[in-house]
There are 2 protein chains.
Amino acid sequence: MREATDLHANLCQAIAEPTRISILYALNEKPCHVNELVDQLKTPQTTISRHLKILREQSIVETQREGSFVFYSLGYQRIIQALDIMKSIKLDIVRKEHDLIHK
Amino acid sequence: MREATDLHANLCQAIAEPTRISILYALNEKPCHVNELVDQLKTPQTTISRHLKILREQSIVETQREGSFVFYSLGYQRIIQALDIMKSIKLDIVRKEHDLIHK
DNA sequence: CTCGCATATCCGGATAATCGAATATGCTAA
DNA sequence: TTAGCATATTCGATTATCCGGATATGCGAG
């Protein structure tokens with residue numbers, strides 16, 4: 001199952017980057033065009049477009065042209081469920097570390 | 001929330017690698033010591049230990065010494081839930097691609 | 001067609017991840 | 001103590017990832 005695991009890892013890899021995580025949560029609120037993401041995340045357009053390309057290549061997001069704008073939206077809403085689980089685990093870990101330090 | 005997102009991404013990053021995914025699924029079956037993983041995954045011991053270190057640093061796995069062996073186990077079982085969601089999404093994507101090709 | 005905005009790609013350079021052999025450390029038993 | 005197995009770390013080399021400025025492409029308005 002090497003190959004399947006590689007594909008699995010590729011998908012995980014695609015969401016394992018701070019800017020891309022922010023993009024996914026933003027798109028979960030509502031579909032956006034590129035410049036909305038640029039403004040919202042205060043990140044250069046070049047950088048946003050590069051990350052969007054990575055998400056597109058993994059089919060995590062979908063695009064729809066509307067005039068000169070390109071709207072992005074989540075292809076699979078349950079990617080947010082997976083991210084939320086990871087977030088809650090991280091929260092548990094941080095809390096546990098904090099408790100250890102403070103006796 | 002840049003910092004929180006970075007931590008979130010670090011955790012995601014730690015699970016986004018084929019060998020580490022295989023290790024996590026193996027540990028989900030049962031706790032193992034290092035050489036069991038080496039045999040099971042047919043991967044050099046150096047490589048396994050390096051990946052285990054990364055998982056340890058993120059508190060994803062826990063260790064317990066027993067004599068000269070070190071047993072590893074999952075620190076948070078729900079990491080498997082997150083991985084399963086990602087796997088099911090990947091499966092959907094692959095199926096969709098397949099359907100497109102075969103009309 | 002041309003202009004201008006929206007978006008995508010190209011480029012070079014910096015940083016980080018991966019590998020496995022070699023080597024070090026830790027523990028047990030004799 | 002020493003021998004030997006289990007595990008961890010160091011090393012150098014390779015490969016991947018990231019950044020953002022510069023630039024290219026796509027589309028609508030005029």
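Heavy atoms only: backbone and side chains are in, while hydrogens, waters and symmetry mates are out. Just so it is clear: chains get the letters A, B, ... in the order the sequence lines come, proteins before strands, and each one is counted from 1. Predicted model, so just to flag it, every value in this text is computed and none were measured.
- In this entry the distance linking CD1 of Ile23(A) with C1' of dT7(C) reads 13 Å, nearest Å.
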(message) Can you build the contact string for nucleotides 6-11 of chain D? Use B for base contact, S for sugar-phosphate-only contact, and - for no protein heavy atom under 4.0 Å.
(response) SBBB--
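- Atom CD of Glu66(A) has more than 12 neighbouring heavy atoms from other residues, nucleotides or ligands inside a 6.0 Å radius.
- Geometrically, Lys87(B) engages Tyr25(B) in a cation-pi contact, judged by NZ or CZ lying under 6.0 Å from the ring centre and within 45° of the ring axis.
- Hydrophobic clustering (side-chain heavy atoms under 4.5 Å, transitive across Ile, Leu, Val, Met, Phe, Trp, Tyr) groups Ile23(B) together with Val70(B).
- Atom-to-atom, CD1 of Ile54(A) to P of dT7(C) comes out at 18 Å; the value is rounded to the nearest Å.
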(message) As a quick check of understanding, evaluate side chain to side chain donor-acceptor pair (under 3.5 Å) for Asn28(A) and Gln77(A), giving each step before the final call.
(response) CA-CA 7 Å; Asn28(A) 189 44; Gln77(A) 206 275 339; 3.0 Å; yes
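- Atom P of nucleotide dA17(C) and atom CD1 of Ile21(B) are separated by 16 Å, given to the nearest angstrom.
- Counting heavy atoms from C-beta outward, Gln81(B) and Tyr76(B) have side chains that stay 4.5 Å or more apart.
- Ring geometry for His33(A) against Phe71(A) counts as perpendicular: the plane angle is over 60°, on a 0 to 90° scale with 30° as the lower cut.
- For His51(B), no side-chain nitrogen or oxygen approaches OP1 or OP2 of dT18(C) to under 4.0 Å.
- Side chain of Thr47(B) to main chain of Gln45(B): no donor-acceptor pair is present (N/O by atom type, distance under 3.5 Å, no hydrogens or angles).
- Side-chain atoms of Leu37(B) and Leu52(B), non-hydrogen and from C-beta on, do get closer than 4.5 Å to each other.
- Contacts between residues 3-20 of chain A and DNA chain C, defined by a heavy-atom separation under 4.0 Å, are absent.
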